[in-house]
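As a basis for the values below, the full set of heavy atoms in this structure was taken, side chains included, without hydrogen atoms, waters or symmetry mates. For ligands, and for the atoms within them, numbers begin at 1 and follow the listed sequence.
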Amino acid sequence: MEKLLLTKSELKYVPKSYIFPSEIRPGNAKVPLCEFIPVIDMKQEQTKLIQQITNACKDYGIFQLINHGIEEKLLEDVLNVTKEFFELPYEEKSSLFSNDPNKIFRELVGSYSGEVGKLSLRILDMIGEGLGLELGYFRDKTELAAAQLMNMNHYPPCPDPSLTLGLPKHGDANMITFILQEMDGLQVFRDDQWFAVKPLPNAFVVNIGYILEIVSNGKLKCGEHRVVTNQNVGRTTVGSFIYPSFDCRVEPAKVLINNNNNNNSGSEPLYRDFIFKDFLASFLIDTNTNNKSPLDRYIYKRE
Ligand code: OGA
Ligand code: NI
């Protein structure tokens with residue numbers, strides 16, 4: 001079978017089909033290091049922690065999380081096993097996902113996804129509390145955090161990183177994302193400019209997805225990001241994504257919307273309600289072909 005992954009020695013130039021249109025190519029412009037992304041230490045007093053996380057989600061939609069309690073060894077192992085996976089010949093890669101998967105791979109990825117899933121739900125609870133939602137809003141009261149998806153990414157070395165992207169500009173179509181990474185490549189978009197995220201050892205990059213932006217009625221921001229490639233080294237990342245169930249009804253949380261008690265704490269709904277699987281379909285069209293905000297078509301219009 002044809003080999004899908006090329007190594008540096010085999011690739012002398014960027015294949016034509018990988019070259020991005022000039023408007024979205026990274027080019028050679030130097031991207032400044034991002035100083036403003038909050039680095040949040042989980043080993044601190046709970047009220048302060050909730051405040052810091054909520055503020056980060058309001059301002060940037062992205063933050064780094066340290067001292068989160070997941071063992072360093074597990075993070076290291078899961079990154080290593082992911083790298084090994086991408087080094088395997090094509091046939092063996094596919095067999096790992098067959099009915100008889102490699103035990104070590106399955107166990108490591110299984111315990112990693114369990115740990116990071118639990119951590120994401122804890123962070124979501126804190127965000128809910130920061131927003132003033134009732135306890136367990138995302139998981140007991142709704143199906144907004146019903147599913148977890150793991151995504152292993154490998155961005156091979158690229159002969160000319162100015163021409164292409166590992167991932168083009170996007171926001172995630174989910175509630176919250178945890179990225180495990182160990183080298184630079186991830187960039188965030190803010191004030192019409194790109195900034196490089198500084199990799200911190202054993203930290204997670206956490207970003208808010210479009211669904212949480214909608215549920216928060218625009219109080220929290222979906223952090224838009226992209227991935228650039230590197231000329232010399234490949235980059236491996238592991239992403240964990242918390243999603244609603246496919247049939248989940250998504251809408252701004254009622255307590256964040258103007259209600260009849262005139263306490264002025266709420267505001268007009270910014271988004272109309274919809275079913276998550278319909279959003280996913282339109283998200284893919286808007287992100288991949290229309291280059292418009294996937295939120296546009298869900299903006300609430302008064303009848
Ligand atoms: C994603 C993503 C970032 C990375 O998978 O949506 O943004 O660094 N990944 O791999
Ligand atoms: Ni993403």
Side-chain angles (χ1 to χ4, degrees), residues 5 18 20 24 26 31 33-34 37 39 56-57 60-66 75-76 78-83 85-86 109 112-113 116-117 119-120 123-124 145 147-158 161 164-190 194-214 220-244 276 279-288 291 293-295:
L5 291 177
Y18 283 76
F20 276 72
I24 56 171
V31 170
L33 203 63
C34 181
I37 286 192
V39 177
C57 297
Y60 313 106
I62 189 161
F63 58 92
Q64 299 210 54
L65 201 57
I66 57 168
L75 306 184
E76 225 171 80
V78 84
L79 268 174
N80 284 335
V81 84
T82 306
K83 282 185 213 164
F85 167 75
F86 282 108
V109 176
Y112 175 75
S113 62
V116 78
L119 179 63
S120 334
I123 299 294
L124 271 181
Q148 179 190 18
L149 197 121
M150 300 296 295
N151 193 350
M152 294 163 139
N153 304 298
H154 181 71
Y155 308 93
C158 170
T164 191
L165 284 163
L167 277 178
K169 179 183 176 189
H170 68 280
D172 295 344
N174 62 339
M175 290 287 287
I176 195 165
T177 303
F178 278 56
I179 297 285
L180 180 62
Q181 58 160 6
E182 53 178 4
M183 57 174 278
D184 55 352
L186 183 63
Q187 301 185 342
V188 297
F189 195 66
R190 186 173 162 85
W194 287 104
F195 293 91
V197 176
K198 186 178 158 190
L200 298 176
N202 304 309
F204 288 107
V205 179
V206 181
N207 62 273
I208 299 304
Y210 285 121
I211 297 300
L212 189 47
E213 175 165 346
I214 291 168
L220 309 183
K221 298 284 175 284
C222 170
E224 288 180 309
H225 50 280
R226 72 176 183 186
V227 177
V228 294
T229 58
N230 185 295
Q231 194 158 14
N232 304 308
V233 237
R235 175 171 178 265
T236 300
T237 65
V238 183
S240 163
F241 300 76
I242 300 292
Y243 280 95
F276 178 63
F279 177 86
L280 264 189
S282 69
F283 166 84
L284 290 174
I285 294 170
D286 290 341
T287 300
N288 295 337
N291 195 24
S293 168
L295 295 183

Query raised in the report: Counting from 1, what ligand 1 atoms have a heavy atom of Thr237 closer than 4.0 Å?
Result: 4 (C), 8 (O), 10 (O)
Report summary line: Among N, O or S atoms, Asp172 approaches the Ni ion (ligand 2) most closely through OD1
Requested in this report: Quick one: do Val197 and Val205 satisfy side chain to side chain contact (heavy atoms under 4.5 Å, CB included)? Show the steps, please.
Outcome: CA-CA 9 Å; Val197 176; Val205 179; 4.2 Å; yes
Query - Contact check: His170 vs ligand 1, nitrogen or oxygen atoms, below 3.5 angstrom - result: yes
Query - Over all atoms of both residues, closest heavy-atom pair of Ala173 and Ile211 - result: O-CG1, 3.8 Å
Requested in this report: Note the single closest protein heavy atom to atom 4 (C) of ligand 1, along with its residue, its atom name and the distance in Å.
Outcome: Tyr155 OH, 3.4 Å
Query - Ile208 side, atom CD1; Leu220 side, atom CG - distance, nearest 0.5 Å - result: 6.0 Å
Query raised in the report: Considering only heavy atoms, does Thr177 approach ligand 1 within less than 4.0 Å through its side chain, its backbone, both, or neither?
Result: neither
Query raised in the report: Which of the atoms in ligand 1, numbered in the order shown and given with their element, are less than 4.0 Å from a heavy-atom of Ile179?
Result: 3 (C), 9 (N)
Query raised in the report: Which residue holds the protein heavy atom closest to atom 5 (O) of ligand 1, what is that atom called, and what is the gap in Å?
Result: Phe241 CZ, 3.5 Å
Query - Interfacing atoms of ligand 1 (cut-off 4.0 Å, heavy-atom, Asn153) - result: 5 (O), 10 (O)
Report task. Answer side chain, backbone, both or neither: which part of Val205 comes under 4.0 Å from ligand 1, heavy atoms only. Result -> neither
**Report entry** Residue, atom name and distance, where the atom is the protein heavy atom closest to atom 2 (C) of ligand 1
**Finding:** Leu167 CD1, 3.4 Å
**Report entry** Those atoms of ligand 1 less than 4.0 Å from some heavy atom in Val227
**Finding:** 3 (C), 4 (C), 8 (O)
Query raised in the report: Side chain, backbone, both or neither: which part of Gln181 has a heavy atom under 4.0 Å from ligand 1?
Result: neither
Query raised in the report: Under the side chain to side chain contact (heavy atoms under 4.5 Å, CB included) criterion, do Ser113 and Gln148 qualify, and how do the steps go?
Result: CA-CA 8 Å; Ser113 62; Gln148 179 190 18; 4.0 Å; yes
Query raised in the report: How many degrees, to 10°, between His170 NE2 and His225 NE2 as seen from the Ni ion (ligand 2)?
Result: 90°
Query raised in the report: Which of these passes salt bridge (Lys or Arg N to Asp or Glu O under 4.0 Å) with Glu182: Lys83, Lys198, Arg235?
Result: Lys83
Requested in this report: Heavy atoms only: give me the nearest Ser293-Asp286 pair and the separation to one decimal.
Outcome: O-OD2, 4.1 Å
Query raised in the report: With side chains defined as the heavy atoms from C-beta onward, is the minimum distance between Trp194 and Val228 less than 4.5 Å?
Result: no
Report task. Check each of Arg190, Gln187, His170 against His225 using the side-chain hydrogen bond (donor to acceptor under 3.5 Å, both in side chains) test, and report the only one that passes. Result -> His170
**Report entry** Tyr18 OH to Thr229 OG1 distance, which is reported to the nearest 0.5 Å
**Finding:** 12.0 Å
